[in-house]
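These notes concern the structure reproduced below.
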Amino acid sequence: MERLPTHPGERPHESDASPGPARTVPPTPPPTATAAVDARGIVTEWSEGARQLLGYLPSEVVGQPAARLLADDAGTADAAALRDAAGRERWSGTVALRHRDGRRLRRELLAHRRTADGPVTEWLVVSAVTGTPEGQTPPGPPEGEAAGSGTHGNEADGSGTYGSEADGSGTYGSEAAGSGRLGEWAFRQSPCVLAVFDADLRLVRANAGMEQVLSLTEDQMRGRRLPEIVPHPVSDETEAKMRRVLEGGGPQHLRAGAGPAGTGADDGWSTSLVPLKDPAGRVRAVCLAAHQRLQEHLARQRMLLLSEASARIGTTADSGRTAQELADIAVPRLADFAAVDLLDAPRHGGEPSPAAPARALATTRTAVRSVLDDVPAASAAGTKTLYPALSPVARCLAQGHGALYDAADPDLLRWARQDPGAARLLGSGTHSVMVVPMRAHGATLGVALFGRHRRAEPFEADDLWLAEELTAKAAVSIHTTRRDSREHTSTMTLQRSLLPQTLPDQGALDIATRYLPAGTRAGVGGDWFDVIPLSGARVALVVGDVVGHGIRASATMGRLRTAVRTLADVDLPPDELLTHLDDLVLHLSADEGGTDDTAESAGGIGTTCLYAVYDPVSRRCALARAGHPPPAAVTPDGAVRFLDVPAGPPLGLGGLPFETFETELPEGSLLALYTDGLLAARDHDIDEALDKMFAALARPAKTLDTVCDRVLTAMLTHRPDDDIALLVARTRALHADRVAAWDLPSDPAVVARARKHATEQLTAWGLDDAAFITELTVSELVTNAIRYGRPPIQLRLIHEDSTLTCEVFDSSSTAPHMRRARTFDEGGRGLLLVGQLARRWGTRHALTGKTVWAEQSLSPD
């Protein structure tokens with residue numbers, strides 16, 4: 001080992017101190033040897049006491065490796081002891097050191113890990129200066145004191161100042177030997193923390209309570225000052241008050257003291273400092289007595305922990321994260337180890353009977369936390385755990401309440417024999433275990449395990465109560481998360497089932513759609529879209545937004561979508577359709593008026609809707625909206641504009657009018673219908689959103705799917721906060737070669753001419769196979785118009801792909817209806833035949849007159 005330098009001319013074994021004159025006053029006690037070593041093992045501080053102990057000047061040690069101070073023949077036990085210090089907050093042990101003059105010293109060292117506001121920076125190493133090099137005779141007592149009567153007492157025969165364990169005849173003991181032993185026993189076994197500090201404020205006696213609280217033996221603490229035993233600001237305050245006691249200030253008190261395991265002070269302690277006087281009344285030492293105000297302190301700590309748990313547990317909609325939050329808040333303030341295991345499928349039902357048979361349980365380790373850095377891989381989060389039948393975990397889950405176990409409990413030992421995981425738990429030194437079921441709203445979600453191995457005190461009933469409260473908070477949050485997840489899945493399934501699964505076949509529009517559910521915890525909303533083929537080759541486009549989120553909003557959406565389809569089949573104009581829909585929403589609201597959930601009981605009040613009808617023959621589009629954003633239109637030359645559709649009120653307000661807006665759209669125009677979630681982006685304002693949407697719509701694209709994707713990409717930078725429904729349509733036109741119309745006089749003789757016009761047109765279209773059904777339909781519809789309607793009368797045929805539509809218009813508002821003819825009736829069978837031969841038929845009304853129509857399929861069924 002590399003040797004630190006010696007002073008020039010100094011011989012080995014020569015003392016650093018020069019002999020001085022005889023003292024006439026008590027010698028000044030040597031300072032404590034202290035040194036600081038950083039994380040690299042380099043000495044950063046070197047005290048005067050350290051110089052007196054080993055002889056090195058600070059300039060010779062600071063900046064050098066601390067390992068050079070070890071003796072050359074330091075054994076493997078010493079090296080192992082030093083390595084054992086890694087990862088601990090404090091370490092004590094005996095190490096062989098090398099004096100500057102070559103002597104070998106075995107010293108008892110106490111090392112504290114010093115921390116600042118940031119990470120760990122260094123170790124503070126403490127040792128008393130007094131000591132004897134190996135192979136030499138211990139020095140005699142200071143001048144004026146008999147051997148064995150020093151302040152620290154005589155460890156050989158126990159005859160020190162503060163009482164003799166041999167005969168009990170110390171200054172503060174009883175004159176009777178038996179009474180002296182009782183006094184010593186009382187000191188050692190007192191439930192309070194007791195310690196005696198001499199006139200130099202160095203510890204000379206400590207009872208078992210002091211040893212347990214600080215996790216240090218009396219020998220390890222003897223000869224050291226309190227700030228060296230427990231480096232903490234309160235220790236400095238306590239020492240200052242002890243000095244005041246020595247100076248005649250009388251007893252002192254402070255509401256603080258050394259905390260458990262040397263962590264410092266907290267407000268759960270009360271400390272008294274009392275002077276110890278000899279028969280002459282001189283203060284010779286100070287007695288420190290401390291006790292914890294346990295009940296008050298623990299109750300306060302539990303309430304603080306519960307209050308903190310309310311803010312820290314359940315911060316996200318992630319069951320795994322919530323389980324980890326439970327483990328994090330329990331360690332180290334309640335336990336040294338915590339694990340949360342969740343059942344793969346929560347069990348429902350009432351409280352089980354305590355006598356219910358336990359059974360093996362399969363769980364998933366979801367969260368784990370330990371005061372130790374290393375957690376076995378078998379205990380890591382994500383591993384599967386099988387708890388044997390009759391194990392403490394299975395028993396507690398069957399009984400429905402938590403339980404305490406110590407290391408000697410037969411159930412715990414039997415579990416360790418059956419389960420390697422339990423064996424590892426007990427093998428790590430765990431001496432106290434709590435098992436707490438995780439239950440919420442009648443469902444068993446899993447189990448939480450808590451263990452102590454570093455803290456000496458076992459779990460108590462109050463600890464179990466606290467663990468159950470913490471676990472209950474986590475269980476409620478996890479249950480809510482799982483319920484919301486199930487509801488979200490159910491709502492999504494319902495929403496998807498209510499939206500169009502495929503777009504209907506029609507030739508008026510090319511259409512592409514997108515639906516994006518909200519990405520927030522509010523859940524799926526009630527946005528919807530629809531495409532409805534109408535008579536005369538026309539198509540209705542619908543986009544709506546139901547207020548609220550969740551299953552109720554989706555169910556309301558389904559009702560409204562069905563209602564819109566029903567009203568569309570009647571061929572109502574857009575404004576009239578919205579008026580009927582408004583009445584429906586009012587009825588739904590009245591039906592749900594007694595619902596407790598006021599936030600979701602509006603029955604759709606506030607719902608918005610846009611209804612548009614496009615006619616490919618006239619290329620005109622009629623639109624009306626109820627509180628909905630206006631549609632955007634793009635002409636074939638790339639110009640983008642909003643259609644000036646009057647803004648009607650949202651549905652459900654009642655009594656307010658809606659207005660239809662009509663416009664002509666050139667063939668190839670683009671229509672964009674959407675819900676307001678598309679414009680409600682959080683990272684830009686409405687004007688910026690509109691500019692982005694217009695730019696995306698104006699860019700040429702080969703397909704409408706590309707247009708939809710461009711719009712969403714331009715508008716969204718994250719999952720939307722609200723549902724988005726987007727419908728993009730490109731218009732087509734039916735030209736004159738696909739439409740034929742004839743004005744007919746109101747004369748029964750014209751029926752034959754109408755049939756002739758129809759058959760000739762079918763021949764021109766190459767549809768001779770449809771002539772029979774078409775002649776019968778034309779004959780019946782024209783006859784009814786002449787007989788029951790009013791002129792003018794018009795016949796129109798529309799050929800759209802595989803559909804042939806026959807329409808007859810007259811100016812009467814009277815609608816025909818089908819009736820069943822009796823056996824001997826001569827009439828009444830015409831519309832029945834039309835209904836049987838046509839794919840569908842109906843009547844649509846205009847401001848003046850009506851149109852009766854019938855569709856037939858040109859392709860074989």
Side-chain angles (χ1 to χ4, degrees), residues 17 26-36 46-55 69 90-97 99 103 105-112 123-134 136-142 145 147-165 170 187-188 193-211 213-232 235-236 238-239 242-243 245-246 258 262 273 276 283-288:
T28 301
T32 304
T34 60
W46 190 254
S47 70
E48 174 61 22
R51 189 200 67 78
Q52 294 185 24
L53 178 64
L54 295 181
L69 299 174
R90 186 177 59 195
W91 175 87
S92 63
T94 303
V95 177
L97 304 174
H99 193 275
R103 289 177 294 165
L105 295 174
R106 287 196 65 84
R107 302 301 298 162
E108 182 77 20
L109 301 182
L110 177 61
H112 302 279
W123 285 83
L124 176 64
V125 184
V126 182
S127 176
V129 171
T130 58
T132 304
E134 290 186 357
Q136 296 189 17
T137 304
E145 292 188 10
S149 61
T151 304
H152 296 192
N154 188 329
E155 297 182 18
D157 60 9
S159 58
T161 303
Y162 303 106
S164 168
E165 294 184 9
F187 179 86
R188 289 292 300 169
V193 171
L194 294 177
V196 177
F197 292 83
D198 64 12
D200 299 322
L201 299 182
R202 297 184 182 279
L203 186 139
V204 293
R205 293 298 308 276
N207 74 337
M210 183 81 163
E211 293 177 328
V213 166
L214 299 184
S215 300
L216 291 171
T217 66
E218 185 181 41
D219 290 339
Q220 292 171 324
M221 293 183 285
R222 184 178 290 114
R224 296 184 172 93
R225 296 166 43 232
L226 184 60
E228 297 165 354
I229 299 172
V230 184
H232 194 279
S235 297
D236 298 329
T238 304
E239 188 177 66
M242 286 195 292
R243 186 169 290 108
V245 172
L246 289 174
L273 304 171
L276 298 180
V283 178
R284 298 289 303 276
V286 179
C287 177
L288 180 151

Would you sort out whether Glu211 and Thr217 count as a side chain to side chain contact (heavy atoms under 4.5 Å, CB included), showing the intermediate values? CA-CA 5 Å; Glu211 293 177 328; Thr217 66; 4.2 Å; yes
Tell me, with the steps shown, if Glu228 and Leu110 meet side chain to side chain contact (heavy atoms under 4.5 Å, CB included). CA-CA 8 Å; Glu228 297 165 354; Leu110 177 61; over 6 Å; no
Gap separating the CG atom of Asp236 from the CZ atom of Arg225, nearest 0.5 angstrom: 7.5 Å
Give the minimum heavy-atom separation between Val230 and Ser235, together with the two atoms involved. O-OG, 2.7 Å
Tell me if a side-chain donor or acceptor on Thr34 pairs with a main-chain N or O of Ser47 at a distance below 3.5 Å. no
Atom pair CD (Glu239) and CG (Leu273), whose distance is rounded to the nearest 0.5 Å: 11.0 Å
By the definition side chain to side chain contact (heavy atoms under 4.5 Å, CB included), identify the one residue from Arg188, Met221, Met210 that meets it with Arg205. Arg188
Run the side chain to side chain contact (heavy atoms under 4.5 Å, CB included) test on Glu108 and Arg222 for me, step by step, so that the C-alpha distance in whole Å, both residues' side-chain angles and the decisive distance to 0.1 Å come before the verdict. CA-CA 10 Å; Glu108 182 77 20; Arg222 184 178 290 114; over 6 Å; no
How far does CG of Leu97 sit from CG of Leu54, to the nearest 0.5 angstrom? 5.5 Å
To the closest 0.5 Å, what do you measure between OG1 (Thr238) and CZ (Phe197)? 9.0 Å
Do Asp198 side-chain atoms and Asp200 backbone N/O form a donor-acceptor pair below 3.5 Å? yes
Rounded to the nearest 0.5 Å, how far does CG of Leu109 lie from CD of Gln220? 11.0 Å
Do Leu246 and Val286 make a side-chain contact, defined as non-hydrogen atoms from C-beta onward lying under 4.5 Å apart? yes
Using side chain to side chain contact (heavy atoms under 4.5 Å, CB included) as the criterion, point out the one residue from Glu48, His99, Arg107 that pairs with Leu53. Arg107
